[in-house]
Amino acid sequence: MVRVPFRAAADRVRHRLSQLVGPKSRGHASARTRSRTPAGTGTAAPGDLTGTARRPYLRALGMLAVVVLGAWLGLLAVGSIRTPVGPMDTNMTLRPSLTGGSKINVSPLGALELDSHSAPLRLDVDVDRLDPERSQALVDRPERFSSLQDEVTRDVAAGTRELAVRSCVAVVSGAAALGLVVYRRPRRALAAGGLALTLLAASGVSAYATWNPKSVLEPKFSGLLSSAPSLVGDARSIVTEFDIYQQELARLVTNVTKLYDATSTLPVYQPDPGTIRVLHVSDIHLNPAAWHIISSLVEQYEIDVIVDSGDTMDHGSAAENGFLDPVRDLGAPYVWVRGNHDSPVTQAYLKKFKNVSVLDDGSAVNVGGLRIAGTGDASFTPDRTAPVGGRAAAQLEGARLASALRDQERAGTPVDIAVAHDPNTARETDGTVPLVLSGHLHRRINEQLKLGTRLKVEGSTGGGGLRAVQNEKPEKVHASVLYMDRSTRRLQAWDEITLGGLGLTTAEVSRHLPEENLKKDAPVSPTPSPSSSPSATRSTARPTPSP
């Protein structure tokens, strides 16, 4: 009696898959089947794909659908393992994915996403709990932290091997079982299992070929861990000293262990006290919440200088000037250039503030250990009209800025960062400055220009300002922390901070490194390499922001 509903369900599955061939094809195929069936043997069984789907590509699509669905169900059912990693108990799982990569869930703190590989499979690692006995042993004997990396490496390698074997069994069993249900023929079921194993092997080869061990240096944080990357060391020395994935993963696990023990946030990198930290904001558009966000970031990241690439206002009227007063109390020097929504009245008002440096016409200033030059926008459009002159005017203003930068170079005072509101203006500085910052587009762009200048366009730190309420979806709040080497004054790394817009409460931080810092032969910074011991971390680190 139990087999009857199961057989009925199987017939429904076969019927759905048989519809791939279309009514007309099914009719022709059924006629051919009847004509070829010997007398007395009857017609093909209802839903029998082998008797109806005579078109090769349709049969292949049907088989592929069975294989993919069966393999996915197999992975869901048995494609995960529970394994200890150092002092923690984890679940490792392979999941179908269009983008690949790895995701480490550290509940309840948040998650880290790594672009570790490109394949139709994603590795999920869920940190379930910290084992009390193993963690207490580390607390009682701190010297064991030095050997924790080797222990974690062994645990991860053993878990990965076990996960690979179990995943093979899961996908073959799932595909073969579903193939037997659909086709009712052992040979077809075995073929489905074999094809599933082949696809899994191909995915494994793809993951191996695209494996990126440096992905751990550019994680994407979410949840409470979004404050984690605020401690950054010399990115180049990090790359040269920790050049394999297992070591970085071990450091990550070590820090999570300390985090659980100390109930503080996760320091992913050893701090470098000499790093200059620049907060890049743009397009605030009269959103008063932006000042609270900027003030919080200045405090949490111990920012040395704030760079605002314009459009702080919406209309540039004198009545709006009071909105700028919180700039005085942000706790860091403020460098500002005029945007197309900022007027000369706005510019004159900001010039009165002692902590504000207003840049225009290529003027330069030394602030926070850096030399920064910039220019105001070529247009003023308070009513959202098209700017007079458009792109040509912006490019002409960029040419003037580039000329001023070359003059600074000839005078022996080269500029480290250039600032312009419009990216069309910023692009004209290519080859005259290592880094140029802009805004205007309300979306991020990171581009290495042809002559070597890096262009970084910031999104809207005001979430689009008051205009956000007019949009179907609220704009997100964007800001970036740039880490500059104090000796070379070159960009080491940057964190892209993204907060949910109006009515949202999400937070995400993505770590990025310049391409040259990801190369193994990148030169080591002259700054001393910080110690990896827990005591040295506490003595040299800047304060870690609380979640």
Side-chain angles (χ1 to χ4, degrees), residues 226 230 276-314 320 323-342 346-347 350 353 355-359 365 367-368 370 372 374-377 417-423 426 435-446 455-468 475-484 491 494-502 507-510 512 545:
S226 59
S230 60
I276 302 174
R277 306 178 186 208
V278 179
L279 177 62
H280 182 201
V281 301
S282 188
D283 295 84
I284 293 174
H285 285 293
L286 283 180
N287 186 348
W291 300 128
H292 299 286
I293 295 170
I294 293 172
S295 178
S296 177
L297 292 174
V298 168
E299 180 180 357
Q300 292 185 25
Y301 285 79
E302 288 203 350
I303 296 299
D304 295 295
V305 58
I306 305 167
V307 176
D308 186 342
S309 49
D311 269 7
T312 313
M313 313 299 254
D314 235 353
E320 296 172 328
F323 170 76
L324 300 169
D325 290 344
V327 172
R328 293 189 177 100
D329 304 317
L330 292 178
Y334 200 90
V335 177
W336 182 85
V337 297
R338 187 181 65 252
N340 61 292
H341 285 268
D342 305 317
T346 306
Q347 182 164 309
L350 274 173
F353 297 175
N355 67 317
V356 176
S357 299
V358 174
L359 303 180
V365 62
V367 57
L370 299 168
I372 305 174
T375 187
D377 198 84
I417 301 176
V419 191
H421 178 66
D422 193 325
L435 176 65
V436 59
L437 308 178
S438 69
H440 187 57
L441 301 180
H442 291 207
R443 58 185 174 89
R444 288 191 176 112
I445 294 177
N446 173 56
L455 168 65
K456 288 189 62 59
V457 181
E458 190 53 82
S460 173
T461 309
L466 300 178
R467 288 174 286 175
E475 283 191 37
K476 293 186 176 182
V477 173
H478 295 105
S480 295
V481 177
L482 315 178
Y483 301 100
M484 311 291 293
L491 183 65
W494 68 92
D495 290 339
E496 293 181 350
I497 301 164
T498 305
L499 306 177
L502 190 64
E508 185 178 277
V509 178
S510 300
H512 301 274

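We use all heavy atoms of the structure for the numbers below, so side chains are in, but hydrogens, waters and symmetry mates are not.
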Seminar exercise, completed: dist Ile497:CD1 -> His280:NE2 (nearest 0.5 Å) comes out at 12.5 Å
Problem set entry | Separation between CG of Leu286 and CG of Asp311, rounded to the nearest 0.5 Å | 10.0 Å
Exercise. Which atom pair, heavy atoms only, marks the closest approach of Ala420 to Ala426?
Worked result: CB-N, 4.2 Å
Problem set entry | Atom pair CE/CD1 of Met484 and Ile417 - distance to nearest 0.5 Å | 4.0 Å
For this session: Fit a plane to each ring of Trp494 and His512, take the angle between them on a 0 to 90° scale, and name the class: parallel (under 30°), tilted (30 to 60°) or perpendicular (over 60°).
Result: parallel
Exercise. Salt bridge (charged side-chain N to carboxylate O under 4.0 Å, His left out): which pairs involve residues 282-296, sequence neighbours left out?
Worked result: none
Exercise. Is there a donor-acceptor pair closer than 3.5 Å between any side-chain N or O of Thr461 and the backbone N or O of His478?
Worked result: yes
Exercise. Do any N or O atoms from the side chain of Asp422 and from the backbone of Asp377 form a donor-acceptor pair under 3.5 angstrom?
Worked result: no
Problem set entry | Closest non-hydrogen atom pair, Arg277 against Ile303 | O-CG2, 3.6 Å
Problem set entry | Value rounded to 0.5 Å, distance of CG in Leu279 from CG in Asp495 | 11.0 Å
Seminar exercise, completed: Rounded to the nearest 0.5 angstrom, the CZ-CG distance for Arg338 and Leu350 is 11.5 Å
Exercise. Can you tell me how far NE2 of His421 sits from CG of Leu437, rounded to the nearest 0.5 angstrom?
Worked result: 13.5 Å
For this session: Quick one: list whatever passes side-chain contact (heavy atoms from CB on, under 4.5 Å) with Pro333, sequence neighbours left out.
Result: Val305, Val367
Exercise. Should the pair Trp291 and Phe323 be assigned to parallel (<30°), tilted (30 to 60°) or perpendicular (>60°) ring geometry?
Worked result: tilted
For this session: Quick one: closest heavy-atom pair of Gly374 and Leu359, and the distance?
Result: N-CD1, 3.6 Å
